[in-house]
Amino acid sequence: MAKGLDCGTSYYITATEDSIKKQRNVFLTVDGDANQVKRMLKRQRIPFVEKAGKVHIVGQHAFNYAQIFSTTDLKRPMSQGLLNPKEKDALPVLNAIIGELIGKAKGKETCVYCIPAKPIDQTREVSYHEDVLKQIIETYGYDVKVIEESVALAYEGLVDNDLTGIAISMGAGMCNICVMYQGMSALSFSVARGGDWIDQNVASDCGCTVAKVISVKENSDKLDLTKSAINDIYQEGSDEYNIINAIRSYYGALVNYLLVNLTHQFNNAESVPNFPDSIPVVFGGGTSLVKGFMEVVNEQFNQDEFPIQVKEFVLVEDAHTAVARGCLSEAQLIEEEESENNEEST
């Protein structure tokens with residue numbers, strides 16, 4: 001069975017024909033006697049990884065613990081879209097997360113995973129990140145292929161427009177952009193800012209933990225980025241409302257940063273197609289899920305300054321899993337082609 005795997009900074013998400021699975025891409029190191037800690041975690045059936053005498057809680061359970069114990073240091077195997085060079089235990093944690101999501105291949109199965117495009121505002125390469133993930137997935141017995149994250153989103157979000165337009169994947173570590181014409185990627189790049197950049201700046205400005213900001217972003221019923229909603233809460237003065245106000249400010253700054261860099265890339269690239277008609281711009285990814293996000297996009301966009309005529313801005317259906325589903329569609333096509341080739345050769 002074909003599988004698509006979105007290897008995100010905040011979540012790993014796998015898609016098959018009949019299911020979607022998610023796991024937070026985080027871990028937490030538990031202090032104390034390792035054997036006693038392991039027994040406690042086994043009793044609670046909490047997934048963990050042991051490495052060099054250290055015990056790490058993995059995934060959603062790690063995030064839950066960080067919410068309860070505010071002094072606990074929540075760690076990320078990835079940072080700004082790529083493997084985190086500061087976390088030596090990142091690889092066994094990633095192996096555990098990937099193994100839980102995809103399991104071992106049953107026979108000849110294809111898994112397509114995604115990587116970010118090379119960032120234009122950071123001097124990091126993606127080759128090592130790509131190779132490590134490929135090696136981990138291969139250990140589970142899969143035939144492994146790779147595509148860029150924004151291309152995967154385009155395959156899912158631009159289907160109704162002949163795979164023509166711009167796809168922007170709003171991730172936690174990076175935002176990935178692809179300009180596509182009839183299924184061909186003409187321009188792709190990433191910027192090393194995303195949801196984490198928002199969270200870190202909001203936490204710094206509001207004097208709270210990043211985990212607290214994430215909790216408000218994901219769980220607060222008061223969070224709404226539309227102007228009218230923000231105006232209603234200026235007088236509240238609570239910590240939650242201060243965080244919400246700061247979140248909106250940094251969302252505006254992030255979207256503006258994206259559009260400025262996209263305009264710059266258009267103006268300086270030789271391979272951008274000359275679109276005969278106005279095109280859609282589609283958004284996906286976890287950072288686009290906040291209520292009012294599309295209003296912020298429309299506020300920041302200026303058609304007079306943008307080099308291409310935009311028909312509409314669209315939030316892809318089920319935006320959080322769209323990249324994984326785009327990877328899945330590629331994996332299914334690969335398996336179909338192999339099946340056809342096998343039939344022709346017999």
Side-chain angles (χ1 to χ4, degrees), residues 1-25 77-78 81-83 94-95 97-106 108-118 126 129-160 163 165-178 180 183-185 188 190 194 282-289 316-339:
M1 179 186 292
K3 289 184 172 71
L5 181 63
D6 176 4
C7 303
T9 301
S10 181
Y11 274 90
Y12 269 40
I13 304 173
T14 187
T16 65
E17 188 175 7
D18 51 16
S19 70
I20 298 283
K21 291 182 181 178
K22 301 179 183 181
Q23 182 59 279
R24 282 190 187 272
N25 190 15
M78 287 169 56
L82 300 170
L83 292 173
L94 283 179
N95 184 55
I97 290 173
I98 291 172
E100 180 186 350
L101 286 174
I102 65 175
K104 290 188 177 180
K106 299 173 183 177
K108 189 171 176 59
E109 292 187 80
T110 299
C111 180
V112 171
Y113 72 104
C114 68
I115 57 168
K118 185 176 178 179
V126 301
H129 174 84
E130 177 182 348
D131 289 344
V132 167
L133 291 178
K134 183 174 185 288
Q135 290 169 21
I136 291 175
I137 299 168
E138 282 179 338
T139 63
Y140 291 96
Y142 290 88
D143 179 24
V144 184
K145 305 294 182 185
V146 63
I147 58 175
E148 287 187 352
E149 179 179 326
S150 55
V151 172
L153 177 62
Y155 287 162
E156 191 67 20
L158 294 174
V159 172
D160 294 335
L163 295 180
I166 299 172
I168 302 178
S169 179
M170 306 289 296
M174 286 181 172
C175 291
N176 277 265
I177 299 95
C178 170
M180 185 172 281
M184 299 293 290
S185 176
S188 65
S190 68
V282 299
F283 288 88
T287 301
S288 68
L289 298 177
V316 177
E317 184 178 355
D318 195 5
H320 198 201
T321 67
V323 169
R325 289 182 282 121
C327 290
L328 171 62
S329 68
E330 180 76 355
Q332 289 171 328
L333 283 174
I334 291 171
E335 288 194 349
E336 286 175 13
E337 289 175 357
E338 291 178 348
S339 177

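Predicted model, so just to flag it, every value in this text is computed and none were measured.
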How about [X] and [Y]: do any of their side-chain heavy atoms sit closer than 4.5 Å?
X      : Y      : answer
Leu133 : Val144 : no
Glu109 : Ile102 : no
Glu149 : Met174 : no
Glu156 : Leu328 : no
Ile13  : His320 : yes
Leu153 : Cys178 : no
Gln23  : Glu100 : yes
Thr321 : Lys22  : yes

Review point. Is a side-chain donor or acceptor of Glu335 paired with a backbone partner of Thr110 at a separation under 3.5 angstrom?
Key: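 Side chain of Glu335 to backbone of Thr110, a donor-acceptor pair under 3.5 Å: yes, one is there.
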
Point to revise | Main-chain N/O of Gly285 paired with Ser288 side-chain donor or acceptor, under 3.5 Å | key: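 The answer is yes, because a donor-acceptor pair under 3.5 Å joins these two groups.
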
Which heavy atom of [X] sits nearest a heavy atom of [Y], and at what distance?
X      : Y      : result
Ala15  : Ile20  : CB-CD1, 3.5 Å
Cys7   : Tyr113 : SG-CB, 4.0 Å
Ile97  : Arg24  : CD1-O, 3.7 Å
Ala172 : Thr9   : CB-CB, 4.1 Å
Ser188 : Ser150 : CB-OG, 4.3 Å
Asn176 : Ser190 : OD1-CB, 3.5 Å

**Study point:** CA sep, side-chain torsions, deciding dist, call: Glu330, Val151, side chain to side chain contact (heavy atoms under 4.5 Å, CB included)
**Key:** CA-CA 10 Å; Glu330 180 76 355; Val151 172; over 6 Å; no

Check your understanding: Does the distance from a Lys or Arg side-chain N to an Asp or Glu carboxylate O, for Lys134 and Glu130, drop under 4.0 Å?
Key ->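 No, no charged N to carboxylate O under 4.0 Å.
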
Exercise for review: Report the C-alpha distance between Leu5 and Cys327 in whole Å, list the side-chain angles of each, state the deciding distance to 0.1 Å, and finish with yes or no for side chain to side chain contact (heavy atoms under 4.5 Å, CB included).
Suggested key: CA-CA 6 Å; Leu5 181 63; Cys327 290; over 6 Å; no

[atom2] on [Y] to [atom1] on [X], rounded to 0.5 Å:
X      : Y      : atom1 : atom2 : value
Ile168 : Cys175 : CD1   : SG    : 8.0 Å
Gln332 : Thr16  : CD    : OG1   : 9.0 Å
Ser169 : Asp6   : OG    : CG    : 6.5 Å
Ile98  : Tyr142 : CD1   : OH    : 11.0 Å

Review point. Tell me, which pairs form a salt bridge (Lys or Arg N to Asp or Glu O under 4.0 Å) where one or both residues lie in residues 8-17, sequence neighbours left out?
Key: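 Qualifying pairs: none.
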
**Study point:** Glu317 atom CD: more than 12 heavy-atom contacts under 6.0 Å
**Key:**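 No, CD of Glu317 has 12 or fewer neighbouring heavy atoms, counting only those of other groups under 6.0 Å.
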
**Study point:** Criterion side chain to side chain contact (heavy atoms under 4.5 Å, CB included) on Asn25 and Leu94, from CA distance to verdict
**Key:** CA-CA 8 Å; Asn25 190 15; Leu94 283 179; 3.4 Å; yes

